[in-house]
Amino acid sequence: MQKKMAYSFPDEVLEHVFSFIQSDKDRNAVSMVCKSWYEIERWCRRKIFIGNCYAVSPRIMIRRFPEIRSVELKGKPHFADFNLVPEGWGGYILPWIVEMAGAYPWLEEIRLKRMVVTDESLELIAKSFKNFKVLVLSFCEGFSTDGLAAIAASCKNLKELDLRESEVDDLSGHWLSHFPETYTSLVSLNISCLGSDEVSFSALERLVGRCPNLRTLQLNRAVPLDKIATILRRAPQLVEFGTGTYAAELRPDVFSNLAGAFSSCKELRSLSGFWDVVPAYLPAIYSVCSRISSLNLSYATIQSHDLIKLVCHCPSLQRLLVLDYIEDSGLEALASSCKDLQELRVFPSDPFGAEPNVSLTEQGLVAVSLGCPKLQSVLYFCHQMTNSALVNIAQNRPNLTRFRLCIIAPRKPDYVTLEPLDVGFGAIVQHCKDLRRLSLSGLLTDRVFEYIGTYAKKLEMLSVAFAGDSDLGLHHVLSGCESLRKLEIRDCSFGDKALLANAAKLETMRSLWMSSCSVSFGACKLLGQKMPRLNVEVIDERGPPDSRPESCPVEKLYIYRSVAGPRFDMPPFVWTMDDEDSALRLS
Amino acid sequence: MEGSVAYENDLNLKATELRLGLPGTDEREEQSVSNVRNKKRPLQDADEEFGANGKSDAQNETAPPAKAQIVGWPPIRSYRKNNFQPKKSESDGPGIYVKVSMDGAPYLRKIDLKVYTGYAELLQALENMFKFTIGEYSEREGYKGSDYAPTYEDKDGDWMLVGDVPWDMFVTSCKRLRIMKGSEARGLGGGV
């Protein structure tokens with residue numbers, strides 16, 4: 001008792017100190033110092049991030065943190081983006097909303113990624129949280145504009161509604177009219193994913209006009225070009241703007257109106273949208289380009305020479321998303337004009353074409369790596385690569401933190417030497433000591449995994465496809481990558497041995513995905529039995545795995561650590577491998 | 001890798017051994033043998049995938065079949081695949097969405113007329129959407145052999161029978177569709 005009074009501050013003081021600690025990692029560390037700090041911290045934590053919604057249950061979260069105001073949840077595994085996770089796998093938000101409706105009446109923010117959100121969930125959010133402010137739905141699905149109407153109608157303090165690339169059943173553009181005339185608090189609206197249905201333009205215009213704090217507005221494709229000027233004139237304070245379709249018959253009055261409207265937006269820093277671009281209208285944005293730091297042209301089907309003209313007007317560019325129409329010549333121009341570039345993503349314009357349709361090769365990426373000293377994050381789709389280009393990139397840019405390369409044809413070797421790309425990727429992990437995320441492609445043997453296990457000590461996420469020769473490859477990664485949190489593998493001949501030998505490692509990671517590999521059902525069962533804190537999910541659409549021999553490889557395997565035990569919302573094609581005695585365990 | 005190792009009893013110590021060391025000599029030999037085997041297997045698996053997954057994955061059916069496709073490769077989000085259409089023809093731009101009502105159905109639907117190349121496709125789609133059958137069309141007698149008749153409201157506000165005018169004219173003049181049922185329908189078409 002005496003000791004405690006001599007050495008500790010009153011709780012209120014500690015709570016005040018803790019309020020300056022925002023990062024989850026630090027908060028977690030604080031909570032582990034001693035029991036009283038754990039108690040104080042749990043009462044004053046306001047924000048929680050749950051990277052896998054099945055790692056914990058709503059009840060457990062509520063029991064530990066009674067005063068949460070902001071929740072962020074992720075559902076399906078990343079490979080769901082590429083149709084590798086069958087429909088109905090899971091990731092439902094409703095049970096969470098139901099529990100939080102009772103426990104967190106003052107909840108303000110919900111951010112979800114890859115979750116199934118229904119209109120019922122949205123209606124419950126609208127009804128339950130009187131001070132609701134932020135709804136971000138990234139890559140979600142399962143809801144319609146009716147659910148959005150409920151949010152619009154009830155959430156008087158809503159600041160942010162961001163539907164980032166979600167799949168929304170677009171039943172009617174009139175949901176926007178459900179924002180009452182008295183509602184003025186909108187700060188951020190992203191409806192770019194909504195379908196081609198008419199968005200009630202007059203409702204949009206009025207909404208924009210009465211919300212003076214609006215900073216982000218991303219329109220959907222259906223909003224025509226000639227309406228942009230009207231919108232911008234009502235919201236010249238915008239910082240981020242996404243156009244709708246950027247095409248119209250070329251008319252001088254429309255052009256000058258548009259250019260004038262853009263030039264009045266002195267705060268504009270980020271542009272996106274640009275569907276169906278008519279190049280002649282691009283110069284309308286030139287007046288703002290010198291301040292633009294982020295440009296998303298990944299839907300803009302414009303050719304290299306137009307892209308070059310545009311990027312040359314953007315010396316402050318930090319982030320560029322673009323199609324491979326930019327070609328090597330465009331990337332060279334980018335490298336000489338945009339010295340502040342930090343992030344580059346180049347998407348394929350014709351991903352399924354048999355032959356490359358544009359002149360974009362490894363040279364473009366080499367040029368950018370040479371010319372842009374601040375480049376940290378790369379996503380690059382191309383048709384060919386060499387080890388020497390990768391070595392160049394690694395040596396030029398040791399500050400890379402995210403490197404995702406997708407050579408479109410699987411298992412393609414170095415096109416000059418015909419060797420595997422082991423050495424090239426090896427150089428990447430060796431030189432880029434802070435690399436956190438890596439995606440591999442091309443022809444790769446177990447050697448590349450040896451390099452990764454040896455050098456990639458800060459690597460947190462690794463994506464592997466059509467690579468490696470044997471279990472040794474997987475073993476190198478699991479035993480060597482100390483910081484590994486997420487590993488996703490498809491179509492590699494990795495089997496039981498490496499997985500079982502490194503079972504303990506899996507508990508230190510968020511998740512492991514393996515599909516079209518050689519992991520047997522028997523090994524999955526064994527892993528499930530040996531590791532009670534792992535959920536070992538076998539996903540197999542061919543029917544129950546025990547109807548086949550134990551040595552038969554499973555189609556897909558998703559392993560993740562969890563304190564919530566096996567889940568109960570699994571569809572018929574998912575089985576969780578448990579203890580035989582799990583029925584006796586309390587859940 | 002899979003071998004004939006039985007998992008029924010857990011006396012299979014090697015498999016359950018949780019160690020971090022690299023495999024010993026015996027296993028390395030096994031692996032060099034399986035290396036040879038494994039170099040072939042992935043390709044075979046991929047081949048099987050072309051067949052097995054092609055039909056079960058509806059998303060892939062909509063993508064242009066330039067060559068045999070692997071599910072989920074290249075790794076592009078379907079949102080991006082669906083939303084991006086490279087300029088192929090002159091008739092680009094947003095779709096022509098019209099509301100479709102059916103007598104007796106509780107709610108309306110919407111379709112994009114641009115998606116269809118002619119009346120046959122459109123009528124097929126309507127049949128699928130509302131789960132009914134349209135009769136056979138003839139200029140003289142309209143739609144025979146069914147209680148339903150597809151009609152549309154044109155630019156002048158008149159209700160017309162679908163199929164009388166050339167397709168392109170229809171697409172530009174159609175404002176909304178209505179699938180009429182019963183006596184009203186029979187009156188329009190002909191047929192007793």
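What you see below is based on every heavy atom in this structure, not just the backbone, and it leaves out hydrogens, waters and symmetry mates. Because the structure is a prediction, the values reported are computed rather than measured.
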Practice task
Drop me the distance from A:F352's CZ to B:I76's CD1, to the nearest 0.5 angstrom.
Solution key: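 Answer for the CZ-CD1 pair, A:F352 versus B:I76, is 5.5 Å.
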
Completion exercise
One should read off an interatomic distance between A:D81 CG and B:R80 CZ, to the nearest 0.5 angstrom, of 11.0 Å

Practice task
Using atom types as modelled and distance alone, determine if a side-chain donor or acceptor of A:R490 lies under 3.5 Å from a backbone N or O of B:G72.
Solution key: yes

Exercise for the section: Without swapping roles, check the side chain of B:W73 against the backbone of A:A409 for a donor-acceptor pair under 3.5 Å. Expected result: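 No; judged by distance alone, with no hydrogens or angles, the pair does not exist.
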
Problem - Minimum heavy-atom distance between B:P75 and A:F381, given as atom pair plus value - result: O-CZ, 3.3 Å

Problem - Minimum-distance pair of heavy atoms, taken over all atoms of A:N83 and B:V71 - result: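 Closest approach of A:N83 to B:V71, heavy atoms only: O-CG1, 4.0 Å.
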
Take a 6.0 Å sphere around [atom1] of [X] and say whether it holds more than 12 heavy atoms from other residues, nucleotides or ligands.
X: A:R447; atom1: CZ; answer: no
X: A:E87; atom1: CD; answer: no
X: A:Q303; atom1: CD; answer: yes

Practice task
Let me see the working for B:I70 and A:F466 under side-chain contact (heavy atoms from CB on, under 4.5 Å), right down to the final yes or no.
Solution key: CA-CA 11 Å; B:I70 306 169; A:F466 306 103; 3.9 Å; yes

Practice task
Examine whether an atom of A:F347 lies under 4.5 Å from a heavy atom of chain B, and if so say whether it belongs to the side chain, the backbone or both; otherwise answer neither.
Solution key: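 The side chain, not the backbone.
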
Practice task
With a 4.5 angstrom heavy-atom cut-off, could you sort out which part of A:L478 is near chain B: side chain, backbone, both or neither?
Solution key: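 Neither part.
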
Completion exercise
Looking only at A:C406, A:A80, A:S439, most heavy-atom pairs under 4.5 Å shared with chain B are made by A:C406

